[in-house]
Amino acid sequence: MTSPPLLEFRQVSKTYGHGEATIHALNRVDLSIRAGEFVAIMGPSGSGKSTAMNILGCLDVPSSGDYVFQGLSTQGFDRAQLTLLRRHMLGFVFQGFNLLSRTSAVENVELPLVYRGMPAGERHRKAKEALRLVGLSGRENHKTQELSGGQQQRVAIARAIVTEPSLLLADEPTGNLDTKTSIEIMDLMTRLNREEGITIVMVTHEPDIAAYAGRLLRFIDGKLETEAEHKGRVDHVL
């Protein structure tokens with residue numbers, strides 16, 4: 001029996017402004033993503049891809065329609081409820097890493113667990129395990145300024161997965177990296193998806209990066225234009 005989707009957009013629209021100044025960032029979008037998928041989202045500037053990502057991450061809410069996560073409608077969720085969903089179900093990876101510069105790698109990774117009130121010993125153990133998964137064993141006590149850009153993004157990925165989220169959202173995760181390092185990061189994300197079963201949704205403007213995903217969603221003028229199946233790149237996978 002087919003399992004239900006991890007998340008769904010049901011006729012989701014997002015508008016800004018009023019009257020003649022109204023902007024339809026999303027226009028009655030339907031989509032579904034199942035647990036274990038690796039999905040890339042693409043589209044030109046103003047296509048709606050960033051708005052869709054913000055709603056997926058509970059950083060914004062639809063003007064109409066419904067965002068359903070693990071079978072639960074988020075319609076009517078208040079700010080506190082959305083914060084709890086983000087904290088316990090979602091992980092985020094950003095283009096700019098967003099690490100604390102004067103703290104160690106392991107302290108950066110522990111931060112989401114601090115917010116959860118987890119005891120120090122347990123969160124330290126989980127943070128070290130997350131760093132091991134991203135290939136940074138032995139670098140736990142390095143300050144972020146002592147790490148390369150690729151290593152900093154690995155720390156950011158470890159921080160995103162340390163809470164064991166149901167969904168990992170990556171916004172241009174290779175945007176600040178050179179080609180070689182971008183391949184290394186995408187190899188890592190592919191491995192986390194395939195071996196650890198982490199569901200990933202990634203926004204990118206680079207076709208070579210999108211090719212690592214198993215499915216492509218392309219937004220045009222606020223609408224979901226196409227869905228394409230990919231085999232995913234395997235030539236560089238660790």
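In this text the structure is predicted, and so the values were computed from the model without any measurement.
Distance alone, capped at 3.5 Å, is enough to place a donor-acceptor pair between the K49 side chain and the G43 backbone. Of the possible polar contacts, none joining the Q70 side chain to the L7 backbone as a donor-acceptor pair under 3.5 Å is found. Formation of a donor-acceptor pair under 3.5 Å by the T174 side chain with backbone atoms of L177 is not found in this model. Side chain of Q153 to main chain of G150: no donor-acceptor pair is present (N/O by atom type, distance under 3.5 Å, no hydrogens or angles). R139 places no side-chain N or O within donor-acceptor distance of the main-chain N or O of L131, the cut-off being under 3.5 Å.
In this structure, L169 and G57 approach most closely via the heavy-atom pair CD1-CA, 3.4 Å.
Counting non-hydrogen atoms of neighbouring residues, nucleotides and ligands closer than 6.0 angstrom, the CZ atom of R28 reaches no more than 12 such neighbours. Within 6.0 Å of CD in E122 there are more than 12 heavy atoms belonging to other residues, nucleotides or ligands. The neighbour count for Y16 OH, taken as heavy atoms of other residues, nucleotides or ligands under 6.0 Å away, is above 12.
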Distance-only donor-acceptor hits, side chain of residues 94-103, under 3.5 Å, sequence neighbours excluded:
{"unit_1": "Q95", "atom_1": "NE2", "unit_2": "N176", "atom_2": "OD1", "d": "3.2"}
{"unit_1": "T103", "atom_1": "OG1", "unit_2": "L100", "atom_2": "O", "d": "3.1"}
{"unit_1": "T103", "atom_1": "OG1", "unit_2": "N108", "atom_2": "ND2", "d": "2.9"}

Apply side-chain contact (heavy atoms from CB on, under 4.5 Å) to the pair M202 and V39, showing each step before the final yes or no. CA-CA 6 Å; M202 172 184 67; V39 177; over 6 Å; no
Report the C-alpha separation of K126 and E164 in whole Å, then their side-chain angles, then the decisive distance to 0.1 Å, and conclude whether the salt bridge (charged side-chain N to carboxylate O under 4.0 Å, His left out) test is met. CA-CA 10 Å; K126 290 179 74 70; E164 301 178 9; 3.1 Å; yes
One pair to check against salt bridge (charged side-chain N to carboxylate O under 4.0 Å, His left out): R123 and E110. What are the steps and the verdict? CA-CA 6 Å; R123 69 175 185 252; E110 284 183 25; 3.1 Å; yes
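Between D221 and S47 the shortest side-chain heavy-atom distance does not fall below 4.5 Å. Between E225 and F219 there is no side-chain heavy-atom pair separated by less than 4.5 Å. Looking at heavy atoms from C-beta onward, I185 lies in side-chain contact with R154 at the 4.5 angstrom threshold. Considering only heavy atoms from C-beta on, N193 stays 4.5 Å or farther from Y212 through its side chain. Contact annotation: the side chain of L168 never approaches that of V201 to less than 4.5 Å [non-hydrogen atoms, C-beta and beyond]. Looking at heavy atoms from C-beta onward, P165 lies out of side-chain contact with M89 at the 4.5 angstrom threshold. Considering only heavy atoms from C-beta on, L26 stays 4.5 Å or farther from P62 through its side chain.
Rounding to the nearest 0.5 Å places CE of M53 at 9.0 Å from CD of E172.
One finds a salt bridge joining E129 and R132 here, because a Lys/Arg side-chain nitrogen approaches an Asp/Glu carboxylate oxygen to under 4.0 Å. Between R10 and D30 there is no salt bridge, since none of the side-chain N atoms of the basic residue sits less than 4.0 Å from a carboxylate O of the acidic one.
Identified under the salt bridge (charged side-chain N to carboxylate O under 4.0 Å, His left out) test for residues 63-85, with sequence neighbours left out: none.
Scanning for ring-ring contact (aromatic ring centres under 6.0 Å, His included) contacts around F9 gives Y67, with sequence neighbours left out.
Between the side chains of E184 and T181, not a single donor N or O lies within less than 3.5 Å of an accepting N or O.
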